[in-house]
Amino acid sequence: QVQLVETGGGLVQAGGSLRLSCSASELTFRWYAIGWFRRAPGNVREFAAAIAWVGGLTYYADSVKGRFTISSDHAQNLVYLQMNSLKPEDTAVYYCAQAKSAVERGNPYEYVYWGQGTQVTVSS
């Protein structure tokens with residue numbers, strides 16, 4: 001069973017930045033796409049960003065495009081989500097997840113393993 005762990009959440013003022021990290025218990029990042037999703041209170045889970053292991057292709061939801069950047073560090077087996085120009089509506093629990101395949105966008109049903117999440121709170 002692959003275990004994913006997210007770190008880096010916290011409280012930040014609007015306009016600020018945070019960097020989330022996702023680590024895995026094994027070298028799963030070598031072959032599968034990794035995505036970041038988020039869930040705000042009372043809302044459904046929402047896709048934020050994904051990175052494909054083939055060619056390092058990246059995908060973003062329109063709501064975060066231009067503000068968030070997903071990247072990977074193969075040597076450290078980490079995936080990052082750099083979040084800039086944060087807004088109060090970005091407040092949510094953020095989850096990283098491993099996809100079933102090397103290339104995947106935002107379909108949560110195509111993701112197999114999920115972390116426990118890290119809370120991001122953006123104050124106005």
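Every heavy atom of this structure was used, including side-chain atoms; hydrogens, water molecules and symmetry mates were not.
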Scanning both residues in full, the closest heavy-atom pair of D73 with Q76 reads OD1-N, 3.0 Å
Testing the basics here: between S23 and L78, what is the closest heavy-atom pair and its distance to 0.1 Å?
CB-CD2, 3.4 Å
When rounded to the nearest 0.5 angstrom, what distance separates CG in L20 from CZ in F68?
8.0 Å
To the nearest 0.5 angstrom, please state how far the OH atom of Y94 sits from the CD atom of E46.
8.0 Å
Within-4.5 Å side-chain heavy-atom neighbours: L4 and Y95:
no
Residues in side-chain contact (heavy atoms from CB on, under 4.5 Å) contact with V122, at least two apart in sequence or another chain:
V12, A14, L86, P88, D90, T91, V120
Which residues pass the side chain to side chain donor-acceptor pair (under 3.5 Å) test with Q82, sequence neighbours left out?
N84
4.5 Å side-chain heavy-atom contact, V79 and I70
yes
Say you draw a straight line from CZ of F47 to OG of S63; how long is it, rounded to the nearest 0.5 Å?
9.5 Å
About how many Å separate CG of L57 and CD of E104, when rounded to the nearest 0.5 Å?
12.5 Å
If every non-hydrogen atom of A102 is compared with every non-hydrogen atom of A33, which pair is closest and at what distance?
O-CB, 3.5 Å
When every non-hydrogen atom of Y59 is compared with those of A52, the smallest separation belongs to CE1-CB, 4.4 Å
Determine, using ring centers only, whether W114 and F37 are less than 6.0 Å apart.
yes
Starting at CG of L18, measure out to CG of L11 and round the result to the nearest 0.5 Å.
8.5 Å
Rounded to the nearest 0.5 Å, how far apart are CZ of R105 and CD1 of I51?
14.0 Å
Side chain to side chain, T69 and Y60, heavy atoms closer than 4.5 Å:
yes
Would you confirm whether E6, through its side chain, and Q116, through its main-chain N or O, come within 3.5 Å as a donor-acceptor pair?
yes
Quick check: closest heavy atoms across A50 and Y111, and the distance to 0.1 Å?
CB-OH, 3.5 Å
